[in-house]
Amino acid sequence: MSIQVRGASWWAGGSRIVNRVSLEVPVGGMLGLIGPNGSGKSSLLRLIAGLRAPSEGAVLLDGRNITGLSRRDLARRVAFVEQEVSTEVDLTVTDVVALGRTPHRSAWGGSRDGDGPAIDHALRCAGLVDLRHRRWHSLSGGERQRTQIARALAQEPSELLLDEPTNHLDVAHQLELLDLVSRLPLTSVVALHDLNLAAMFCDAVLVLSGGEVVADGSPGDVLTEDLVRRVYDVDCAVAHEPDSARPHIKFLPPRRRATGTPHATAGYADRA
Amino acid sequence: MRDGTAVHTRRAAGIVAVGIPALVLSMMVVATIGPAGLTVADVAAILGEQFGIGSADVSRIGTGIVMDLRLPRILLAAICGAGLGVCGAVLQSLLRNPLADPFLLGISGGASTGAVLVIVLGLGAGTISLAAGAFLGAIIAFALVMVLATVAGGGTSRVILAGVAGTQLFSALTSFIVITSADAEQTRSVLYWLLGSLSGARWGDVVITGLVSLVGLVVCLSRAGSLDAFAFGQDSAASLGVHVRALRWLLLTVTALLTATLVAVSGVIGFVGLVLPHAARMLVGPGHRASLPVTAVLGAVLLVWVDTLARTVAEPEEIPVGVGTALVGVPVFIAILARRKVAS
């Protein structure tokens, strides 16, 4: 197993944001994290990235607890793309991608021989070769996202963690980006809102609700009409294409109900 | 990388290579400015004589003016300019705030309270010098700000808020002491000190500040790559392998010690630490390996000239050098902001 999480919990501000989550991702696998806003997807990714320490349980890479790795060794292995980042610094696309070489350099920041090829490769993978001299502040949301992914690839990781990478992207770029990630020879964990994208690209999905694992397994097994109703309180029809194991989810408009407040638990902020 | 960074590194090397001779030349030129009618050749001869090369055909008074008065002051100006510039650059990156300056973390407030306690209340009864009082005040204020920031959660914005609170607190204390206890003469000397002055420069100050600045610059440069990684915030830096908390403590402490040392001998010289990092970044880009040395050289040259203006422009009165840096710094800052707006 490339990534293993064993019974990990994380408390913040007196509440349990991640609740005894266990998961496994095989080498080269792509796991989709899905769940409503505030279900703990981002927090779980931060635990796996080693940015937060689990209050209980453990995160393992190749069977070794990541607390035994230095920040630098971890960064040479695991790359993390946050949901949305900003900067005051006037950087070009190449500058941002070059930041991915930080864990391979000394603290003085001197470049190494491997830097150039790694940066070029990352720029090519993310389709940014023509944008390499553009300034970060002049990029569209989608271009920024691709730049951050190129930065992550420049780290030459074996594990890639992405927090809702398709936010702000148009349909074409969403498909392109997840296609890229699924074809990379990396183990990846991707938090996604779009169930159909998760079904289309992920080898496995894990559904979180209130910080707990509600279901996990292959998209075809997990993404059922019943599950979507339970977790999101939304009605849908799931169609299975005859020649594919990947389901397609068609959402139905909410019914008007006499009682109950649909979706009362989910807020807009996914700060968890 | 062939593009971007490599070009910037080469340009930075060029600026430093041209800047250091320009700095030396500037120092020799400004050493001639003022009463005594010396030439650059005289200054060169006086310096040569000190190192045992040739003999200077200059009066003893001329030699004394250069060696005892002007040279220590000029060197101190260069050191303060370089040190304040580097501290400002590091804090702006570390705290991700383009408005950060070396005095952000309570250092100016604490130094002024310490200085006032010595000048007005006679703390230490003559055993503690003004500089020592200011240094102690600055360090106590910085420690208080860091405790405050840690109690409040320790993040970047908390450090800045704690710094603002600490600065206000110590400024208020300073005002309170001045208003309740100082006579007119003391008030004037406090005000003068607060605006920054290099007029009391001695060789001892030059050696101490020079050594501390050199160590500070080397420590900051040795963390240049980690500072670059802060561009997108602390989580981003951490995921790039930077030990965020250790780095923050190291660099905040080093810049605070350096700033406190400089403030103790020169008073509060504003704007150098705020404006010069922006100017350097405009020239050589945001990479710290390039921008920190350029900031240091620019700061040194700038303060050498501004201090010369400060001591000559209204002769025989001296204008506090902090007034000069503000008068020069504000238009430069506005120009940089305007340019950035056009560029983005």
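Here is how names work: the chains are called A, B, and so on, in the same order as the sequence lines, proteins then strands, and each is numbered from 1. As the structure is a prediction and not an experimental result, all values here were calculated from the model.
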Is [Y] paired with [X] through a side-chain N to carboxylate O contact shorter than 4.0 Å?
| X | Y | answer |
| --- | --- | --- |
| A/R135 | A/D95 | no |
| A/D115 | A/R105 | yes |
| A/D120 | A/R132 | yes |

message: Given 3.5 Å as the limit, does a donor-acceptor pair link the side chain of A/R146 with the main chain of A/A126, or not?
response: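 Yes, the answer is positive, given that a donor and an acceptor are paired below the 3.5 Å cut-off.
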
- request: Identify whether NZ of Lys or CZ of Arg in A/R16 sits under 6.0 Å from the centre of the six-membered ring of A/W10 and within 45° of that ring's axis.
  value: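 Checked: cation-pi criterion not met.
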
Which bit of [X] comes within less than 4.5 Å of chain B, counting heavy atoms only: side chain, backbone, both or neither?
| X | answer |
| --- | --- |
| A/R151 | side chain |
| A/S138 | neither |
| A/R52 | side chain |

- prompt: Can you tell which of B/R96, B/Q234, B/H243 has the highest number of heavy-atom pairs within less than 4.5 Å of chain A?
  reply: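 Winner by heavy-atom pair count: B/R96.
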
- prompt: side chain to side chain contact (heavy atoms under 4.5 Å, CB included) with A/L47: which of A/V18, A/V21, A/V5, A/I66?
  reply: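 Among A/V18, A/V21, A/V5, A/I66, the one that satisfies the side chain to side chain contact (heavy atoms under 4.5 Å, CB included) with A/L47 is A/V18.
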
Top residue by heavy-atom pair count (under 4.5 Å) with chain B, among [options]?
| options | result |
| --- | --- |
| A/D73, A/V81, A/L51, A/L91 | A/L51 |
| A/R76, A/H104, A/E82 | A/E82 |
| A/L161, A/T102, A/V78 | A/T102 |

